[in-house]
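The next block holds one structure in the form of structure tokens; read it before the comments.
When reading the values below, keep in mind they use all heavy atoms of this one structure, side chains included, and skip hydrogens, waters and symmetry mates. Every chain is numbered from 1, with letters handed out A, B, ... down the list of sequences.
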Protein chains: 2
Amino acid sequence: MAQSRRRIPEASVIRLPVYLRILIEQFEQQVDNISSERLAELAGVNAAKVRKDLSYLGSYGTRGVGYEAEYLIYQIRRELGLTHDWPVVIVGAGNLGQALAGYGGFSERGFHVAGIVDVDDNKIGSVIAGIRIRALDELAKIVSGHEVVIGVVATPADAAQDAADRLIAAGITSILNFAPAVLSVPASVVVRKVDLATELQVLSYYEQRRLTALHSVPTGSTRGASA
Amino acid sequence: MAQSRRRIPEASVIRLPVYLRILIEQFEQQVDNISSERLAELAGVNAAKVRKDLSYLGSYGTRGVGYEAEYLIYQIRRELGLTHDWPVVIVGAGNLGQALAGYGGFSERGFHVAGIVDVDDNKIGSVIAGIRIRALDELAKIVSGHEVVIGVVATPADAAQDAADRLIAAGITSILNFAPAVLSVPASVVVRKVDLATELQVLSYYEQRRLTALHSVPTGSTRGASA
DNA sequence: CGGCGCTCGTGCACGCTTTCACAAAAGCAG
DNA sequence: CTGCTTTTGTGAAAGCGTGCACGAGCGCCG
């Protein structure tokens, strides 16, 4: 029997949201039961990996049958802490911050924007997707008022560390960083970084390699169909 | 001596842009020479890792001294294929697509938006950050006209596969996918996925764990200062 | 010009991740 | 109830990535 309260390897944690989304989609299409094989196909991964990932949650499949979508959805939600909505606060109401504030994908998947702040007086007061941009000073008030624990840094690189410091001072314990800067934070704070330009630079590397392909590489063995 | 034209492990490729950014920053601050130790500190990683990563490029450091910033910048740029600008085309001019089109970070780091397309007639014709939103049908024209090889999918999930198909049909060989959907593409096409909600869900998992911390975990050994 | 101190480059061991392969279990048919 | 099919759950092996530890090379100082 699998462990039900163990620490799940990070690699698996990252895939759980993918499975979750697929399961929800399938369930909405009246698919009640799904095999690891099928789920793997939809997620673009190996079936054994799916089974191992799911086994960290517990033993929720039925041999010879597969996984009951609805039940599995519940279990993944529970494990990911998605049984309730999480408020998030966004620092930086530039291009990206505003897009994030208005991004429908958040609310659909368990998050809502409790507030967005910026330093720019010209922006403060404007309303984005129904949310008023507030002053940076109001950060602490927003965080404590809504019991926010997740902060999003969407500032330019040179303001990112300051934004992070303020978030942490306000009580935030998880940060999603979109600024192209390495944040230095206490060990108790979890940071995840998303760097848009870095992603393009990685693609650039593979394109570059493709050009310099006077080498071994058969054709495109670099990566297959992917996540 | 290190290999100079080998395949670089993906994990290293992902860190190179980070080093690059830091090196540029340092060089602009008149730092001509930098040790792996210092670079590691700024990048939030282990010094041995930095040296190993850089060794894939070749043997460009000087023992007892460190790395010459300017030269290393050039070498990383060369390896990543950033010696010239790459045009990219964006599919989807919603919230996110528009933010990406206007995002300064791209142009600063070797990319420019050759075009942005959408299906919505109401959006077509509008100008975002100096770029006119064009019809989806014009995709092929944009791609061939500017010799674009990198495409960005910024559509809703249900339109993502179609967007990818069209990009590939137009000749795109690398895709950056922001839609919460798994794209199925030929093996020769490289896809990278950025899923904003997934990132938050991962943070949610660690927050959830924190609450359920009646367990082993001392305090916050989950992750230290991070990327 | 020899010795010393510093930092790179990398072999090696360890730990995490992926994948394979198969026994165990469930359903179904007769 | 027995045997057959299907699919899970998981040991074990293989593959990667990380970090330590140290030899090798470089510069500097006397």
Side-chain angles (χ1 to χ4, degrees), chain A residues 1-4 6-16 18-19 23 26 31-69 71-72 75-76 202 221-227, chain B residues 1-4 6-16 18-19 23 26 31-69 71-72 75-76 202 221-227:
Chain A
M1 192 166 301
Q3 55 279 72
S4 42
R6 284 247 142 287
R7 160 176 264 98
I8 301 177
E10 171 143 351
S12 292
V13 172
I14 291 170
R15 285 185 295 265
L16 289 178
V18 178
Y19 303 148
L23 286 166
Q26 291 294 306
V31 176
D32 292 330
N33 208 280
I34 189 165
S35 69
S36 60
E37 194 85 36
R38 176 76 179 130
L39 186 47
E41 186 193 333
L42 293 171
V45 301
N46 181 294
K49 197 187 279 183
V50 169
R51 290 198 295 276
K52 188 146 282 184
D53 286 342
L54 296 181
S55 79
Y56 292 120
L57 307 178
S59 207
Y60 299 134
T62 306
R63 290 165 196 240
V65 178
Y67 299 88
E68 195 198 333
Y71 187 50
L72 195 50
Q75 291 299 341
I76 295 179
V202 172
S221 58
T222 313
R223 288 167 63 126
S226 42
Chain B
M1 191 168 298
Q3 55 280 73
S4 43
R6 283 246 143 286
R7 159 175 266 99
I8 301 177
E10 172 143 349
S12 292
V13 172
I14 292 170
R15 285 186 294 265
L16 288 178
V18 178
Y19 303 148
L23 286 165
Q26 291 294 306
V31 176
D32 291 329
N33 207 278
I34 189 166
S35 69
S36 60
E37 194 84 37
R38 176 77 178 128
L39 187 46
E41 185 194 334
L42 294 171
V45 301
N46 180 294
K49 197 187 280 184
V50 169
R51 290 198 295 275
K52 191 151 285 186
D53 287 341
L54 295 180
S55 79
Y56 291 120
L57 306 178
S59 209
Y60 299 132
T62 306
R63 290 165 198 242
V65 179
Y67 298 88
E68 194 198 332
Y71 187 51
L72 195 50
Q75 291 298 342
I76 296 179
V202 172
S221 58
T222 313
R223 288 166 63 125
S226 42

For atom [atom1] of [X] and atom [atom2] of [N], their distance in whole Å:
| X | N | atom1 | atom2 | result |
| --- | --- | --- | --- | --- |
| Ile8(A) | dC16(C) | CD1 | C1' | 15 Å |
| Arg38(B) | dC8(C) | CZ | P | 13 Å |
| Tyr71(A) | dT8(D) | OH | C1' | 15 Å |
| Glu37(B) | dC6(C) | CD | C1' | 11 Å |
| Glu10(B) | dG15(D) | CD | P | 19 Å |
| Asp53(A) | dT19(C) | CG | P | 11 Å |
| Tyr60(B) | dC26(D) | OH | P | 16 Å |
| Lys49(B) | dG11(C) | NZ | P | 19 Å |

- Distance-minimising heavy-atom pair for Ala43(B) and Val18(B): CB-CG1, 4.1 Å

- Query: Rounded to the nearest 0.5 Å, what separation is found between the CG atom of Asn46(B) and the CZ atom of Arg51(B)?
  - Reply: 8.0 Å

- Note on the structure: dist Leu42(A):CG -> Ile34(A):CD1 (nearest 0.5 Å) comes out at 5.5 Å

Does a side-chain N or O of [X] approach OP1 or OP2 of [N] to a distance below 4.0 Å, or not?
| X | N | value |
| --- | --- | --- |
| Ser35(B) | dT7(C) | no |
| Thr62(A) | dA26(C) | no |
| Tyr67(A) | dG9(D) | yes |
| Ser59(B) | dG9(C) | yes |
| Lys52(B) | dT10(C) | no |
| Arg15(B) | dT18(D) | yes |

- Item | Over 12 non-hydrogen atoms of neighbours within 6.0 angstrom of CD in Glu37(A) | no

- Can you name the residues that form a side chain to side chain donor-acceptor pair (under 3.5 Å) with Ser35(B), not counting sequence neighbours? none

- Find which nucleotide of DNA chain C each of Ile34(B) and Pro9(A) is nearest to by heavy atoms, and output the residue with the more 5' nucleotide. Ile34(B)

- Is there side-chain contact between Tyr60(A) and Ile76(A), with heavy atoms separated by less than 4.5 Å? no

- Query: In chain order, what residues pass the salt bridge (Lys or Arg N to Asp or Glu O under 4.0 Å) check against Arg38(B), with sequence neighbours excluded?
  - Reply: Glu41(B)

For nucleotides 21-25 of chain D, list the nitrogen or oxygen atoms of the protein found under 3.5 Å from its nitrogen or oxygen atoms, one pair per line.
| from | atom 1 | to | atom 2 | distance (Å) |
| --- | --- | --- | --- | --- |
| dA21(D) | N6 | Arg51(B) | NH2 | 3.3 |
| dG23(D) | N2 | Arg63(B) | NH1 | 3.0 |
| dA24(D) | N3 | Arg63(B) | NH1 | 2.8 |
| dG25(D) | N2 | Gly64(B) | N | 3.4 |

